[in-house]
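Numbered from 1 within each chain, the chains take letters A, B, ... in sequence-line order.
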Protein chains: 2
Amino acid sequence: MHLKIEKIIEYCLANNILLTNQQSLIIKIITEIASPLTANEILHELQKLNPKANRMTIHRALEILVKNGIIHKVAFNHTYKLCDHLYCKHDHHCQILVCQECGNQTEIHNLKITEALLEIGKTYNFNLANPLEITGLCTKCQMKGTL
Amino acid sequence: MHLKIEKIIEYCLANNILLTNQQSLIIKIITEIASPLTANEILHELQKLNPKANRMTIHRALEILVKNGIIHKVAFNHTYKLCDHLYCKHDHHCQILVCQECGNQTEIHNLKITEALLEIGKTYNFNLANPLEITGLCTKCQMKGTL
DNA sequence: TGATATAATGTTACATTGTAACATTAAAGT
DNA sequence: ACTTTAATGTTACAATGTAACATTATATCA
């Protein structure tokens with residue numbers, strides 16, 4: 001068994017998050033493929049294991065996993081990705097650099113941004129969600145552009 | 001004529017951005033309605049003026065307007081909104097607080113975040129896009145949640 | 001255990017956002 | 001006016017997501 005998956009299961013047990021079989025399979029898929037996946041891509045993988053699985057299956061499970069901070073949903077390109085910490089506590093802030101060209105994602109934890117965000121949260125009485133999506137061009141895609 | 005629209009047209013003339021009739025109408029719609037609109041909502045408005053207009057018309061025009069920094073595209077809820085500055089120079093950084101409940105958007109300009117982002121851009125060699133979407137719950141929707 | 005309540009999953013149908021490929025029309029240049 | 005180019009219209013489709021209801025597991029309790 002994959003080490004990451006064990007840790008997630010451990011975390012879920014400790015925090016009273018009951019994973020159904022279906023949800024466990026989705027975690028397994030997201031963990032093993034590693035790169036960000038769209039709902040459809042996850043579905044196709046899941047269907048290899050459970051041919052009856054369909055879009056609803058995925059979205060319901062993903063909703064729960066996102067809500068529990070186990071995976072991140074990235075709005076920019078409709079992808080889902082395992083949180084690098086294997087779980088995301090509510091007091092834990094992270095940022096994701098999303099390349100608008102290739103879709104590559106890099107999870108970072110920048111104190112300055114976190115502080116600035118908390119300040120903004122106070123100033124505007126805005127209850128921040130996690131994570132912060134930072135879109136732009138990754139190094140590789142900048143190179144491609146200049147060729 | 002709306003004052004904002006005049007300023008945008010002025011800006012486009014000064015910067016060699018040729019607006020077609022269709023694009024002008026879309027700017028007019030976005031400016032006058034003010035609240036963030038989805039592509040479909042803009043389409044329905046446009047069709048009142050040009051019954052032949054369809055989805056392609058909208059998306060092609062929106063693409064150009066976004067590219068020229070006249071409007072912002074917000075990925076979180078697929079909406080388009082006039083840049084508060086009526087145009088967005090490339091060296092101009094802004095952030096949008098997007099409420100994940102009601103969709104309300106507040107454009108801000110926070111120096112700390114801008115600085116931190118520029119730093120991250122350098123560190124990771126990541127070419128930042130504008131604007132930054134900050135999702136969360138606005139004041140009103142926080143109240144609703146606690147009722 | 002077996003009946004019943006509850007939660008999870010499956011099914012069907014649909015709404016929304018967006019794009020691809022090609023046809024038509026308008027605008028610009030000669 | 002003829003040609004070229006750009007803009008727009010048309011059709012068809014792909015992807016993401018949700019709503020409403022049916023079915024199947026799972027848990028609870030008499």
- line: With sugar-phosphate taken as primed atoms, P, OP1 and OP2 and all else as base, the protein-contact string of nucleotides 11-27 of chain D at under 4.0 Å (heavy atoms; B, S, -) is ----SBBBB--------

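Taking atom NE2 of residue B:His44 and atom P of nucleotide C:dA15, one finds them 12 Å apart after rounding to whole Å. Following rounding to the nearest Å, A:Leu65 (CG) and C:dA8 (P) show an atom-to-atom distance of 12 Å. The distance from atom CD1 of B:Ile42 to atom P of C:dT16 is 15 Å, rounded to the nearest whole Å. Straight-line distance from the CZ atom of B:Phe76 to the P atom of C:dT16: 18 Å, rounded to whole Å. When the C1' atom of C:dG18 is taken as reference, atom CG of B:Leu43 falls 12 Å away, rounded to whole Å. The separation between B:Leu46 atom CG and D:dA7 atom P is 17 Å, rounded to whole Å. As rounded to whole Å, 11 Å separates atom C1' of C:dA7 from atom CD of A:Gln23. Separating the CG atom of B:Asn21 from the P atom of D:dG9 is a distance of 10 Å, rounded to the nearest angstrom.
B:Asn40 is linked by a side-chain hydrogen bond (donor to acceptor under 3.5 Å, both in side chains) to nothing, counting only residues two or more places apart in sequence or in another chain. In this structure B:Thr57 satisfies the side-chain hydrogen bond (donor to acceptor under 3.5 Å, both in side chains) test together with B:Asn54, sequence neighbours excluded. Scanning for ring pair (Phe, Tyr, Trp, His ring centres under 6.0 Å) contacts around A:His109 gives A:His85, A:His92, with sequence neighbours left out.
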Name each donor-acceptor pair under 3.5 Å that joins a side chain in residues 29-37 of chain B to protein atoms two or more places apart or in another chain, with its distance.
from	atom 1	to	atom 2	distance (Å)
B:Thr31	OG1	B:Ile27	O	2.5
B:Glu32	OE2	B:Lys28	NZ	3.2

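Proximity of A:Thr57 to the phosphate of C:dG10: a side-chain N or O atom is located under 4.0 Å from OP1 or OP2. At D:dG9, one or more side-chain N or O atoms of B:Gln22 fall inside 4.0 Å of OP1 or OP2 (strictly under the cut-off). At the phosphate of D:dG9, OP1 or OP2 sits under 4.0 Å from a side-chain N or O atom of B:Asn50. The phosphate of D:dA6 has neither OP1 nor OP2 within less than 4.0 Å of any side-chain N or O from B:Thr20.
For residues 52-63 of chain B, the pairs satisfying salt bridge (charged side-chain N to carboxylate O under 4.0 Å, His left out) are B:Glu63-B:Lys67, with sequence neighbours left out.
Using a 4.0 Å cut-off between charged nitrogen and carboxylate oxygen, B:Glu101 and B:Lys140 do not count as a salt-bridge pair. Looking at B:Lys48 and B:Glu45, a side-chain N of the basic residue comes within less than 4.0 Å of a carboxylate O on the acidic one, giving a salt bridge.
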